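To start, the structure under review is shown below, and the notes come after it.
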Amino acid sequence: MSVPVVIIEDDEVLGGALVQRLRLEGFAPRWARTLAEGEALLARGPRPLCVLCDMRLPDGSGEALLLRLMPSLGATPVIAMTAYGGVEQAVRLVRAGADDYLTKPFEIEAVLARLSALSPLAEPPAPAGTVGWQSPPMRALENDLTRLAPALAPVLLLGESGAGKEVAARRLHAMGPRAEAPFVALNCAAIPRDLLESEVFGHERGAFTGAAERRLGAAERAGAGTLLLDEVAELEPALQAKLLRLLEDRRFLRVGGAKEIPLEARVVAATNADLAARVAEARFRGDLYYRLAVVELHVPPLRERAEDILPLARALLAESARQAGRVDLSLTPEAEAALEAHPWPGNVRELRNRIERAALLAPAAALTPADLFPGAVAAPAPQTLAEARDAAERAHIQRILARCGGRMADAARLLGISRTTLWERAKRLGLSPQED
Ligand SMILES: Nc1ncnc2c1ncn2[C@@H]1O[C@H](COP(=O)(O)OP(=O)(O)OP(=O)(O)O)[C@@H](O)[C@H]1O
């Protein structure tokens, strides 16, 4: 399956070369030449594996775009492409939330190395526990899920992006009789249209060009478990019709197949769109909506569940601290107040993102508001170029080490240096590298 990557770059030569090469490597590059185009691409979805963003574009600065989009980009990594000598800008960008940067001119191999380093970083599966579900609306949701867990009826989960719809679906799964069976989540917006049918239903060998082997789809892989159809509002009409048939008959055919296969899984759908309004506008089939929405549950946005913010923040910090190898991290009272005051447009995903970044980049163990909301405070005290370069290097090495679970040999390979050089560099920068 091709993974989408968004490129925001006005240079025709570099943009064209990136598109060509990424396509060859099996990605699905989507190219915007201006900030406005980039913003529109990202708003339309599907959510990309990564955003590659030039910093100087005809209609403004990529840095401003990143700062604006970061909350809604959630865990989607961003790689900034900066002009030669832009180290200070790179430091600012990493502080502001970019995951990495490339200084032009760079080799396309460097992009590919970054992409392969980023892939395992894809958002971890949502937990099925209920940390941060103490607020009244979340306790009500937990009650509803408990009552519904034994049933087979579809459930439609509504709520803003990042609010925890997948977490709720996993909770429903974990509490019911199908807990031991698979939980399979399919993001309907992230899969290219022409592949979606085979992703859901599977395909037989030779069903279409490229179908070299039989492949089971999500409906079959879910077995007697749960099939979560995320971002279900994005399904195109033809697939809406097929999904309706699946729910009505509880049987399906693999693409190119002749044998009917029974659907054993429970179907749960999730969307951040107003599905009823889409039905009214004739953009979503009414009959499918009523099938999916036998039970409709709302996952409230984080700003409506203020009691949950700190318990979530502490749990996410403990997890990020472990991953970053900085187990002494804590939140200052000012940081806690800032977390409680923030409106959280990107919901729990934004919280996770801010905490993960702070855990990697914060200079001291007690996190301050500036560590969590770098864009919101005055620019950091001026640094010399050498200090700026060291800070960027330190942050980058920490990130890569965290990604590699602290394994020096793997990190050195991704960084393109020898293990010894990495060891020495990490020591010089005040990190405490562990022997593999
Ligand atoms: N209670 C929680 N405890 C820990 N992490 C959580 C919790 N709720 C949400 N998250 C994290 O927040 C992120 C977003 O959650 P989730 O994917 O469930 O949201 P969503 O509403 O399905 O988002 P989208 O509509 O964008 O798919 C995930 O990284 C998830 O792990």
Side-chain angles (χ1 to χ4, degrees), residues 4 42-49 69-77 97 99 120-142 145 155-175 183-191 218 226-235 268-275 278 292 296-323 339 342 344-357 359:
L42 289 165
R44 273 204 309 274
R47 196 178 301 151
L49 168 73
L69 287 187
M70 232 171 50
S72 53
L73 279 174
T76 307
D99 285 71
L121 235 209
E123 200 165 298
T130 51
V131 178
W133 281 41
Q134 282 87 345
S135 59
M138 291 311 275
R139 268 192 273 157
L141 178 63
E142 166 84 359
L145 294 175
V155 173
L156 177 62
L157 293 164
L158 300 172
E160 290 179 12
S161 182
K165 298 183 292 298
E166 184 176 335
V167 171
R170 284 185 186 272
R171 185 83 195 124
L172 181 71
H173 173 79
M175 287 192 300
F183 176 96
V184 176
L186 200 67
N187 184 333
C188 302
I191 298 171
T226 301
L227 170 62
L228 170 64
L229 298 172
D230 201 1
E231 309 220 24
V232 74
E234 308 312 320
L235 281 182
V268 176
T271 179
N272 53 26
D274 182 344
L275 215 47
R278 295 223 177 172
L292 289 173
E296 204 171 275
L297 296 178
H298 289 260
V299 180
L302 192 52
R303 65 181 169 282
E304 288 174 15
R305 33 188 288 225
E307 298 93 324
D308 294 335
I309 295 174
L310 290 186
L312 269 172
R314 292 185 191 122
L316 291 170
L317 181 60
E319 186 188 318
S320 301
R322 232 185 358 263
Q323 280 168 5
L339 288 171
H342 187 66
W344 299 110
N347 292 297
V348 189
R349 177 172 296 116
E350 181 189 351
L351 177 62
R352 174 186 280 280
N353 217 28
R354 289 192 183 276
I355 298 252
E356 278 179 0
R357 187 176 321 114

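In each ligand, atom 1 is the first atom listed, and ligand 1 is the first ligand listed. None of these values were measured; they are calculated from a predicted model. One-based numbering along the sequence shown.
- Put simply, no part of Arg170 is less than 4.0 Å from ligand 1, judged by heavy atoms.
- Between the Arg170 side chain and the Phe183 main chain, no donor and acceptor come within less than 3.5 Å of each other.
- When the options Glu166, Arg352, Glu356, Glu160 are ranked by their closest heavy atom to atom 31 (O) of ligand 1, first place goes to Arg352.
- At under 3.5 Å, a nitrogen or oxygen of Gly164, whether backbone or side chain, sits near a nitrogen or oxygen of ligand 1.
- For ligand 1, none of its N or O atoms has an N or O atom of Glu231 under 3.5 Å away.
- Taking CG from Leu312 and CZ from Arg305, the interatomic distance works out to 6.0 Å, rounded to the nearest 0.5 Å.
- Summarising the geometry, atom CH2 belonging to Trp344 is positioned 13.5 Å from atom CD belonging to Glu160; distances are rounded to the nearest 0.5 Å.
- Judged by the shortest distance from any of its heavy atoms, Gly132 lies outside the 4.0 Å radius around the atoms of ligand 1.
- The proximity of Leu351 to ligand 1, defined as any non-hydrogen pair under 4.0 Å, does not occur for either the backbone or the side chain.
- Under the 3.5 Å distance criterion, the side-chain polar atoms of Asn347 are left unmatched by any main-chain donor or acceptor of Arg349.
- Taken from CG in Leu297 to CG in Leu172, the straight-line distance is 8.0 Å, to the nearest 0.5 Å.
- In this structure, OG1 on Thr271 lies 7.0 Å from CG on Leu158, to the nearest 0.5 angstrom.
- A salt bridge between Glu234 and Arg278 is present, with a side-chain N of the basic residue lying under 4.0 Å from a carboxylate O of the acidic one.
- Within the model, atoms NE2 of His298 and CG of Leu156 stand 8.5 Å from one another, a figure rounded to the nearest 0.5 Å.
- Listed by atom number, the atoms of ligand 1 under 4.0 Å from Trp133 heavy atoms are 1 (N).
- At least one N or O atom of Ala163, backbone or side chain, sits closer than 3.5 Å to an N or O atom of ligand 1.
- Ligand-side atoms of ligand 1 in range of Asp230: 27 (O), range being under 4.0 angstrom from any heavy atom.
- In terms of N/O distances under 3.5 Å, ligand 1 is not approached by Leu312.
- In summary, the atoms of ligand 1 found under 4.0 Å from a heavy atom of Val131, numbered by their order in the structure, are 1 (N), 2 (C), 3 (N).
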